[in-house]
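Please read the structure below before turning to the comments.
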Protein chains: 2
Amino acid sequence: MKNQALILLDTVERLGNLLRVGLRQAGVAQGLQPIHLQALLYLNEANRYSNTPQALAEYLGLTKGTVSQSLLLLARRRLIARHADEKDGRVVRLTLTDKGKETLKELGLTNAWRDALQAASPARLSSAAKVLKEALAALQAKNGHRTFGVCVTCRHNLHIGPRSYVCGLTKEKLSSREVSKICREHSPVEENAV
Amino acid sequence: MKNQALILLDTVERLGNLLRVGLRQAGVAQGLQPIHLQALLYLNEANRYSNTPQALAEYLGLTKGTVSQSLLLLARRRLIARHADEKDGRVVRLTLTDKGKETLKELGLTNAWRDALQAASPARLSSAAKVLKEALAALQAKNGHRTFGVCVTCRHNLHIGPRSYVCGLTKEKLSSREVSKICREHSPVEENAV
DNA sequence: CCCATAAAGTTTCGACACGATACGTTTCGT
DNA sequence: ACGAAACGTATCGTGTCGAAACTTTATGGG
C-alpha cells in the first residue's frame, strides 16, 4: 500500500499542472503567459504594503530581475500602472488598471473549478483545505518563505473596535475591506490545538 | 464569507506554485528545468503503452513539438534512451537510463512533502485526497483530457486470477507490477455512489 | 556632514520553454 | 495503390528565468 501522503502529493501536483495549463489556455487569447495572470491575480488581492515588485517576486518564488521583465510587459499592455512611492523613492507601487481588472473578470478563471467541486459538501472541502493549509505553512516555514496570508489571520492585526483595525507592525489603521487582503508581512497566529 | 471551494482553489494553486519552485531549485544543480524533472517522474511510472513522446505531451498538457525539444535535452544528458518501436515504425519508446533513475533518487523530491504532512493523520490525508481526485477527474473530463491513472483503477483491466491480469483493450497479459503503473489509455471505473 | 552599506528596481546576457507551422515517415482504410 | 491520419522532428519568434552588473535612494555610523 502506498503512503497516503504521497498519493496526496501526486494529486496536488497533477492538479497544479492542470490549473497551470488552464491558465495558459486562458491567457493565450490575450497573448499572456501563466505568470502574467498570476501576477494580475496577486496584485488584485495585495494590500498597500504588498503591491511592489519585490513582494510579487517573493510571492511567486522568482528573482526580482525576472519579475521586472514580466511587469514590463504588463505595463506595456496597460494592464498595470506603476507609481513611485511618495515616502520612499526606491519603491514602486503597482496597481491594476481598469483594463487589468476587466481582463481578470472576463477570464472567469474560477468557473471551471467551481463546477468541478459542485458535488462536494462544504464540510469536506473545508476539511481538505485545512490539511493542505497545514502542508503549505510547513513548506513555507521550512524554506523560509513568507506566508502571504490575509490580515484577519495575522498576529499583527489588532481588532480595536467594531470594524476598526490597526496593524501592530506599521501602527496604521486598516479598513475592514483591507484586512481581507494579502499582506507581505503576514505572520500567522499561533495555533495551540492540533 | 468566502466560498469554501475558492479557498481550496487558492490553497491548491499556492501549493502547486511552491512545488514547482521546489522542482526548479532541485533541478538547478543538474541544470534541469521543472519540466525535465516532471518528464523523468512520468517516464519512471509509465507503463509500456504510455512511454512515448505523444503520451508525455498529453500528460503534461503541452504540444508534441515542445516536448520533443525537452526530450532532446534529456537524451543529450543521457538521462533517457530512445528506441524505435518494433511493430510500429512511427513511435519512439522512451526509457530512463540508469543515470536517469539515479538522478531521480538523489533528488529526493518527496522528502519535504512527507515532513510537511507528518503530523496529519492518514484518515485526514485520505479524505483530502479523495476530494481532490474528484476535482481532478471533473476537470480532466471537462477539458477532454486523459486521466492517466494506474491499471488497478481502470475499467479495461481484467483480474482473471490470483496475480494475473489482462488489459481488455489490448488483450495482453499484465504483470502484477505493471498494473500499478500509469497508462495513457486509462479509463476510470464508473462510480455509482456519490 | 560624509561615506560605507543596504535595499529596491532595472538592464543585459545566455539558455531554454512554448506554440505554431511545416515537414518527413509510417501506418491504416478503402 | 492512394489519400488520410498518426507519430515524431525541425525551425522560428516570443517570452521566462537566473545571474550579475548597475542606478537610485535610504540608513547608520564615524
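Order of the sequence lines fixes the chain letters, A, B, ..., with proteins taken first and strands second; residue numbering starts at 1 for each chain.
Mapped onto DNA chain C by nearest heavy atom, B:Arg20 and A:Ala55 fall at different nucleotides, with A:Ala55 at the one closer to the 5' end. Judged by closest nucleotide on DNA chain D, A:Gly31 is the one of A:Val67 and A:Gly31 placed further toward the 5' end.
For A:Tyr165, the ring-ring contact (aromatic ring centres under 6.0 Å, His included) test picks out A:His159, with sequence neighbours left out.
The nucleotide whose nearest atom lies closest to any side-chain atom of A:Gln69 is, among C:dA8, D:dC7, C:dT11, C:dT11. With C:dG19, C:dT11, D:dG18 as the candidates, the nucleotide lying closest to the side chain of A:Leu72 is C:dT11. Comparing atom distances between the B:Leu62 side chain and each of C:dT11, C:dA17, C:dC18 picks out C:dC18 as nearest. If you check C:dT10, C:dA17, D:dG18 against the side chain of A:Lys64, the one that comes closest is C:dT10. Nearest nucleotide to the B:Ser70 side chain, out of D:dG18, C:dA17, C:dT11: C:dA17.
Residue pairs satisfying the salt bridge (charged side-chain N to carboxylate O under 4.0 Å, His left out) criterion with at least one member in residues 147-162 of chain A, sequence neighbours excluded, are absent. Applying the salt bridge (charged side-chain N to carboxylate O under 4.0 Å, His left out) test to pairs two or more places apart or on separate chains, those with a residue in residues 80-94 of chain B are B:Asp85-B:Arg93, B:Asp88-B:Arg90.
Proximity of residues 74-91 of chain A to DNA chain C (heavy atom under 4.0 angstrom from any strand atom) is restricted to A:Arg82, A:Arg90, A:Val91.
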Atom pairs and distances, side-chain donor-acceptor, residues 144-151 of chain A, under 3.5 Å, sequence neighbours left out:
{"unit_1": "A:His145", "atom_1": "ND1", "unit_2": "A:Asn143", "atom_2": "O", "d": "3.2"}
{"unit_1": "A:Arg146", "atom_1": "NE", "unit_2": "A:Glu58", "atom_2": "OE1", "d": "2.6"}
{"unit_1": "A:Arg146", "atom_1": "NH1", "unit_2": "A:Arg184", "atom_2": "O", "d": "3.4"}
{"unit_1": "A:Thr147", "atom_1": "OG1", "unit_2": "A:His186", "atom_2": "O", "d": "3.1"}
{"unit_1": "A:Thr147", "atom_1": "OG1", "unit_2": "A:His186", "atom_2": "ND1", "d": "2.7"}

Name every donor-acceptor pair, under 3.5 Å, that has one atom in a side chain of residues 26-39 of chain B and the other anywhere in the protein, sequence neighbours excluded.
{"unit_1": "B:Gln33", "atom_1": "OE1", "unit_2": "B:Arg24", "atom_2": "NH1", "d": "3.4"}
{"unit_1": "B:His36", "atom_1": "ND1", "unit_2": "B:Gln33", "atom_2": "N", "d": "2.9"}
{"unit_1": "B:Gln38", "atom_1": "NE2", "unit_2": "A:Asn17", "atom_2": "OD1", "d": "3.2"}

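The structure places CG of A:Leu73 at 9.0 Å from CD1 of A:Ile80, a figure rounded to the nearest 0.5 Å.
Checking the phosphate oxygens (OP1, OP2) of C:dA17, no side-chain nitrogen or oxygen of B:Thr66 falls inside 4.0 Å.
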